[in-house]
Amino acid sequence: VGTIIGIVERQKILTGNNIKPGDCVIGLASVGLHTNGYSLARKIMFEVCGYSADDSVDELGTTVGDELLKSHKSYVRSILNLIEKFNTDEPKIKGLAHITGGGLLDNVPRILPENCDAVIEKGSWNMLPIFPFMQEKGNVAEDEMYRVFNMGIGMVVVVSADHAHQIVSE
């Protein structure tokens with residue numbers, strides 16, 4: 001088990017209150033399941049498919065065990081570097097959502113003010129093979145996949161639109 005704990009000065013907390021319509025949502029890639037969806041993943045891989053941890057799966061390019069045990073990526077250095085560079089005066093990095101249990105569907109709305117919604121364009125990022133593989137093999141509805149798993153996006157950063165391209169290039 002691992003835990004990440006951080007401390008931040010109250011005036012530097014990114015509450016999402018500065019998010020406004022027209023801001024951009026940037027997804028940071030995950031490296032696997034990270035911390036969510038393991039009950040469903042185990043059911044699909046071990047019960048439905050009948051794999052063992054040592055079974056190699058061509059579609060995944062690795063064994064079931066290695067795929068399910070990929071380390072969770074820490075975004076702390078990347079995020080702190082972006083905040084240090086872009087939030088010197090007026091905040092350009094306005095909100096962060098760690099995509100854990102609840103997936104994109106439940107975690108992104110938590111950081112948005114009442115007057116905002118987010119539009120996530122499916123297909124705008126490279127999805128890891130594990131997600132369509134499990135969806136097909138487990139016959140899991142797309143909405144359920146996006147609610148249970150990170151679908152290849154481990155962290156979401158909401159930024160001012162006029163700085164989005166510059167922030168992505170970092």
Side-chain angles (χ1 to χ4, degrees), residues 1-4 6 14-16 19 21-79 82 93-159 161 164 167-168:
V1 173
T3 301
I4 299 173
L14 298 178
T15 63
I19 295 172
D23 284 342
C24 293
V25 178
I26 299 170
L28 304 182
S30 69
V31 294
L33 299 183
H34 283 191
T35 59
N36 51 307
Y38 279 92
S39 294
L40 181 55
R42 282 191 308 270
K43 180 176 181 170
I44 293 168
M45 301 304 268
F46 300 124
E47 292 177 30
V48 173
C49 294
Y51 292 127
S52 74
D54 295 325
D55 286 339
S56 184
V57 179
D58 290 339
E59 295 95 306
L60 303 178
T62 190
T63 66
V64 172
D66 285 344
E67 183 64 40
L68 295 181
L69 293 175
K70 285 183 177 174
S71 295
H72 184 294
K73 181 176 182 174
S74 172
Y75 300 94
V76 69
R77 289 202 198 293
S78 301
I79 296 298
L82 289 173
I93 309 292
K94 299 180 176 188
L96 303 167
H98 190 208
I99 309 304
T100 60
L104 290 164
L105 298 179
D106 289 343
N107 287 291
V108 174
R110 289 184 186 142
I111 63 169
L112 300 176
E114 287 186 25
N115 66 330
C116 289
D117 287 318
V119 176
I120 308 292
E121 295 180 17
K122 291 185 292 186
S124 63
W125 67 92
N126 294 326
M127 191 173 298
L128 299 170
I130 185 66
F131 299 112
F133 179 85
M134 286 194 304
Q135 183 176 5
E136 178 189 335
K137 299 294 184 185
N139 194 28
V140 181
E142 185 174 63
D143 283 355
E144 182 71 5
M145 290 294 295
Y146 279 88
R147 190 169 310 284
V148 173
F149 299 110
N150 67 53
M151 301 304 284
I153 300 293
M155 177 74 74
V156 165
V157 184
V158 180
V159 304
I167 290 169
V168 167

Looking at [atom1] of [X] and [atom2] of [Y], how far apart are the two atoms once the value is rounded to the nearest 0.5 Å?
X    : Y    : atom1 : atom2 : answer
M145 : F149 : CE    : CZ    : 5.0 Å
I44  : F133 : CD1   : CZ    : 9.0 Å
C116 : I111 : SG    : CD1   : 10.0 Å
C49  : M134 : SG    : CE    : 10.0 Å
I167 : I26  : CD1   : CD1   : 5.5 Å

Query raised in the report: Judged by atom type as modelled, is there a donor-acceptor pair below 3.5 Å linking the side chain of Y51 to the main-chain atoms of V57?
Result: no
Requested in this report: Kindly say whether T62 contributes a backbone atom to a donor-acceptor pair with the side chain of D66 at under 3.5 angstrom?
Outcome: no
Query raised in the report: Can you list every pair that meets salt bridge (charged side-chain N to carboxylate O under 4.0 Å, His left out) and has a residue in residues 94-104, with sequence neighbours left out?
Result: D23-K94
**Report entry** salt bridge (charged side-chain N to carboxylate O under 4.0 Å, His left out) contacts touching residues 121-144 (sequence neighbours left out)
**Finding:** K122-E142
Minimum-distance pair of heavy atoms, taken over all atoms of [X] and [Y]:
X    : Y   : value
S52  : V64 : O-CB, 3.6 Å
I19  : G95 : CD1-CA, 4.2 Å
P129 : E59 : CB-O, 3.6 Å

Report task. Just do the side-chain contact (heavy atoms from CB on, under 4.5 Å) check on I130 and Q135 with the steps written out, would you? Result -> CA-CA 9 Å; I130 185 66; Q135 183 176 5; over 6 Å; no
Just so I know, are the side chains of [X] and [Y] near enough to count as touching, which here means a heavy-atom distance under 4.5 Å?
X    : Y    : result
H34  : I153 : no
V158 : L96  : no
T63  : D55  : no
Y146 : I99  : no
L28  : V156 : no
K43  : Y38  : no
V31  : L128 : no
D106 : R147 : yes

Requested in this report: Could you walk me through whether V159 and L82 pass the side-chain contact (heavy atoms from CB on, under 4.5 Å) test, one step at a time?
Outcome: CA-CA 10 Å; V159 304; L82 289 173; over 6 Å; no
Query raised in the report: Does the pair N36 and V148 meet the rule for a side-chain contact (heavy atoms from CB on, under 4.5 Å), with working shown?
Result: CA-CA 7 Å; N36 51 307; V148 173; 5.6 Å; no
Query raised in the report: So with a 6.0 Å cut-off around CG of N115, is the heavy-atom count from everything else above 12?
Result: yes
Query raised in the report: Cut-off 3.5 Å, side chains only: do N150 and S30 have a donor facing an acceptor?
Result: yes
Query raised in the report: What pairs of residues pass the ring-ring contact (aromatic ring centres under 6.0 Å, His included) test when at least one of them lies in residues 98-117, not counting sequence neighbours?
Result: H72-H98
Query - Stepwise side-chain contact (heavy atoms from CB on, under 4.5 Å) test for L40 and M45 - result: CA-CA 9 Å; L40 181 55; M45 301 304 268; over 6 Å; no
